[in-house]
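Shown next, in structure tokens, is the structure this report addresses.
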Protein chains: 2
Amino acid sequence: MTVTLADVAARAQVSPATVSRVLNGNYPVASSTRERVLRAVDELDYVLNGPASSLAAATSDLVGILVNDIADPFFGVMAAAIQSEIGGPGGRAGGERLGVVCNTGGSPERELTYLTLLQRQRAAAVVLTGGAIEDTAHAGAVAAKLRKLHEAGTRVVLCGRPPAPEAPEAIALTFDNRGGGRQLTEHLIGLGHRRLGYIAGPEERTTTRHRLEGHRAALDAHGIEDDPRRTVHGRYDRRSGYEATLELLRRDPSLTAVVAANDTVALGACAALRDSGLRIPGDVSVAGFDDLPFSVDAVPALTTVRLPLTEAGARAGRIAMGREEPPPGGIATVRGELMVRGSTGAPRA
Amino acid sequence: MTVTLADVAARAQVSPATVSRVLNGNYPVASSTRERVLRAVDELDYVLNGPASSLAAATSDLVGILVNDIADPFFGVMAAAIQSEIGGPGGRAGGERLGVVCNTGGSPERELTYLTLLQRQRAAAVVLTGGAIEDTAHAGAVAAKLRKLHEAGTRVVLCGRPPAPEAPEAIALTFDNRGGGRQLTEHLIGLGHRRLGYIAGPEERTTTRHRLEGHRAALDAHGIEDDPRRTVHGRYDRRSGYEATLELLRRDPSLTAVVAANDTVALGACAALRDSGLRIPGDVSVAGFDDLPFSVDAVPALTTVRLPLTEAGARAGRIAMGREEPPPGGIATVRGELMVRGSTGAPRA
DNA sequence: CTGTTAGCGCATTCAT
DNA sequence: ATGAATGCGCTAACAG
């Protein structure tokens, strides 16, 4: 019923091995026979059987990209960049690899499940994006999986994620969240702010912790007391930013600035401030993180820390494909850039 | 080196066949032996070999989700919803399926490439999201692929995409873009607008054409001449909206409303209007399409047509998994809902 | 440069 | 309810 490699071989009057070689291009074949084979492929409308191919070769063309939230452009932009470097030629069998993005939804179980599934598929590479979950048991389980994947020949790259000490084989492209957080808060302090609210992300995420640490480092460096009541944790979404801002205002109506975990949260914060009758930045300044595409269009435009998501993703993709050398020591830190825009200004008198 | 099913069988003192049956759960196995097998699996840290399994079973656990632009929340939201219905138990071998998102970037070649790759992998199902490309040759090629996939046992579902007449096996969940476009423009006409600019998406996309047709139908119904100079085509991104708006204003400074292809484009339009010193909606009203998460936070909040992306995606996912009956005739039309917000108002006198 | 041979690891008949 | 045997379609030595 379905056309197999043997059918193609028969039609082209060559051996199955030759067809395989033509398809994989990893072996010298006379151009005349190659042409004959390709014609037969075309005439029979043959499509390689991926599972059979992967079974025999003990590796597949699958490259997994794990993201925490595919509906969040932060991950979308990175995933697109990674995939663009994977999609091209360079794989086996026809020169195409299947870059697949897997949405964990931030769930530890799903993260592990996807890793197992990718391991099961003998994936050529796996790229994990975004902050890691800081639960010790989970981190250990992930590290163990990564080690197994590596041992099975799967390349492992972390993009926008801190290195995993227990899985040192994983190449890490880390964002300098701490430094970015610090820059941002120092900018606000420089403007004269002293009572800053902070809307943090979920507690158990590395991204959350690092950005918050940067914020606190800046406060500390300028002798500003870090009142724990000025920090609220939430999710990385708009609604969380909205609610957290109302809570912060309730706790301290004299706040002059709100620093958000990311741009999406900052947008929610802006909405809450407006709904509370406060002007931005006249009454309260707002700052975000990431510099997502919509941030420049916010009104006023959002002051934030730009992360080179596309560049980092592309690089991670190339490393995953073995087309770029990993950084020395397997770890590279990618810095953010402070983007000062209209949403921050001097505090009200 | 790597643990195989035979190793598990040996350890559990059963035959490989029994282990296979336990893993797939499609066959009666005594609970005592099942337990023994599962223990062995655990002890040996066994992971099923996906390719081998797929080869033998002639089908895989892969479910492909094709999107035009993964960095666009329109697709991200749908993809997340689809994946959430796929990820759960119900697949073969361990009850997990691998929902994978493939980013075509709007390129016809990549769309076909991904379909071939998915065909090669013997995917269990394929979901194509968003507007189709209207090139006849390409549409034919895609339809042919879909037919082949279907014949090979792959379920094919279209989500937010018009039915493919040449591939009637594909279940289609279509958005009523025409109706939504019409509602939106009628809303503006009802407010008193007569000189409306329209920023359309790329020419060759069904979504673009349908929304535009709805717009024109509304104009026509109200006896408003459709001046071709009031329509500009562009991409589905912010920058395109910005530039198109400047162009529209250049062509006709007396415009009182701008209808955008989608919310992202509308945001760019808002930016262009503001940069031109015009007030929204005081001088010019703006409307979008989709009602993406950020649209309610725009200033002013965006009037738009809400598309039930999550619901439609979830339904498409269930149909793809065979957990929900396809709609009668294999086609269902999903309507949008007009969301009137602050960005539209009566035209200036 | 090309053909021959032998598995890859598992699901699935048939038996029992 | 379980075991034995066969083949899925392809790639990778090894010859030649």
Side-chain angles (χ1 to χ4, degrees), chain A residues 1-38 40-41 44-61 91-95 119-122 124 152-153, chain B residues 1-38 40-41 44-61 91-95 119-122 124 152-153:
Chain A
M1 179 64 219
T2 91
V3 184
T4 75
L5 198 152
D7 299 330
V8 176
R11 177 154 190 124
Q13 315 207 61
V14 296
S15 74
T18 300
V19 178
S20 173
R21 293 198 262 256
V22 170
L23 260 28
N24 288 300
N26 294 327
Y27 219 81
V29 174
S31 63
S32 65
T33 44
R34 162 182 292 111
E35 233 172 278
R36 204 143 31 89
V37 168
L38 290 178
V41 165
L44 294 176
D45 210 10
Y46 170 69
V47 175
L48 183 70
N49 183 316
S53 169
S54 298
L55 172 59
T59 177
S60 83
D61 282 343
R92 304 180 317 103
Q119 178 185 8
R120 179 183 291 183
Q121 300 295 334
R122 306 302 189 253
Chain B
M1 179 62 219
T2 92
V3 183
T4 73
L5 197 151
D7 299 329
V8 176
R11 178 156 190 123
Q13 314 207 61
V14 296
S15 73
T18 301
V19 177
S20 174
R21 294 198 259 257
V22 169
L23 260 29
N24 288 300
N26 295 326
Y27 218 81
V29 174
S31 62
S32 65
T33 46
R34 162 181 292 113
E35 231 171 282
R36 202 143 33 88
V37 168
L38 290 179
V41 165
L44 293 175
D45 211 10
Y46 169 71
V47 175
L48 182 71
N49 183 316
S53 170
S54 296
L55 172 59
T59 177
S60 83
D61 282 344
R92 302 180 318 100
Q119 179 185 7
R120 180 182 291 181
Q121 300 295 335
R122 307 300 189 255

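Values below: all heavy atoms of this structure, side chains included; hydrogens, waters and symmetry mates excluded.
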Can you measure [X] atom [atom1] to [N] atom [atom2] for me and round it to whole angstrom units?
X: Leu23(B); N: dG9(C); atom1: CG; atom2: C1'; answer: 12 Å
X: Asp7(B); N: dC8(C); atom1: CG; atom2: C1'; answer: 14 Å
X: Gln13(B); N: dG3(D); atom1: CD; atom2: P; answer: 10 Å
X: Arg122(B); N: dG9(D); atom1: CZ; atom2: C1'; answer: 9 Å
X: Arg120(A); N: dG9(C); atom1: CZ; atom2: P; answer: 16 Å
X: Leu5(B); N: dA4(D); atom1: CG; atom2: C1'; answer: 14 Å
X: Asp61(A); N: dT11(D); atom1: CG; atom2: C1'; answer: 13 Å

Exercise. Is Val14(A) touching bases, backbone alone, or none of the nucleic acid, heavy atoms closer than 4.0 Å?
Worked result: sugar-phosphate
For this session: Describe the nucleic acid contact of Leu55(B) in one word from base, sugar-phosphate, nothing, applying a heavy-atom distance below 4.0 Å.
Result: base
Exercise. Under a 4.5 Å cut-off applied to non-hydrogen side-chain atoms, are Thr2(B) and Asn49(B) in contact?
Worked result: no
Exercise. So, the side chain of Ser54(A) versus the backbone of Gly50(A): is there a donor-acceptor pair under 3.5 Å, distance only?
Worked result: yes
Report yes if a side-chain nitrogen or oxygen of [X] is closer than 4.0 Å to either non-bridging phosphate oxygen (OP1 or OP2) of [N]; otherwise report no.
X: Ser53(B); N: dA11(C); result: yes
X: Thr18(A); N: dT2(C); result: no
X: Asn24(B); N: dA11(C); result: yes
X: Thr33(B); N: dT2(D); result: yes

Problem set entry | Residue pairs involving residues 26-38 of chain B (criterion salt bridge (charged side-chain N to carboxylate O under 4.0 Å, His left out); sequence neighbours excluded) | none
For this session: Not counting sequence neighbours, which residues clear side chain to side chain donor-acceptor pair (under 3.5 Å) with Arg11(B)? List them please.
Result: Glu43(B)
All N/O pairs under 3.5 Å across the protein-nucleotides 13-16 of chain C interface:
none

Exercise. If you pin Ser15(B) and Ala56(B) to their nearest nucleotides in DNA chain D, which one's is more 5'?
Worked result: Ser15(B)
For this session: Select from Arg36(B) and Ala52(A) the residue whose nearest nucleotide in DNA chain D is closer to the 5' end of that strand.
Result: Arg36(B)
Exercise. Between dG9(C), dT2(D), dA11(C), which one does the side chain of Ala57(B) approach most closely?
Worked result: dA11(C)
For this session: Rounded to the nearest 0.5 Å, what's the gap from CZ on Arg120(A) to OG on Ser60(B)? Could you check?
Result: 11.0 Å
Problem set entry | Test log, rule side chain to side chain contact (heavy atoms under 4.5 Å, CB included), inputs Asp45(B) and Val3(B) | CA-CA 8 Å; Asp45(B) 211 10; Val3(B) 183; over 6 Å; no
Exercise. Given Val22(A) and Val14(A), is the side chain to side chain contact (heavy atoms under 4.5 Å, CB included) satisfied, shown in steps?
Worked result: CA-CA 11 Å; Val22(A) 170; Val14(A) 296; over 6 Å; no
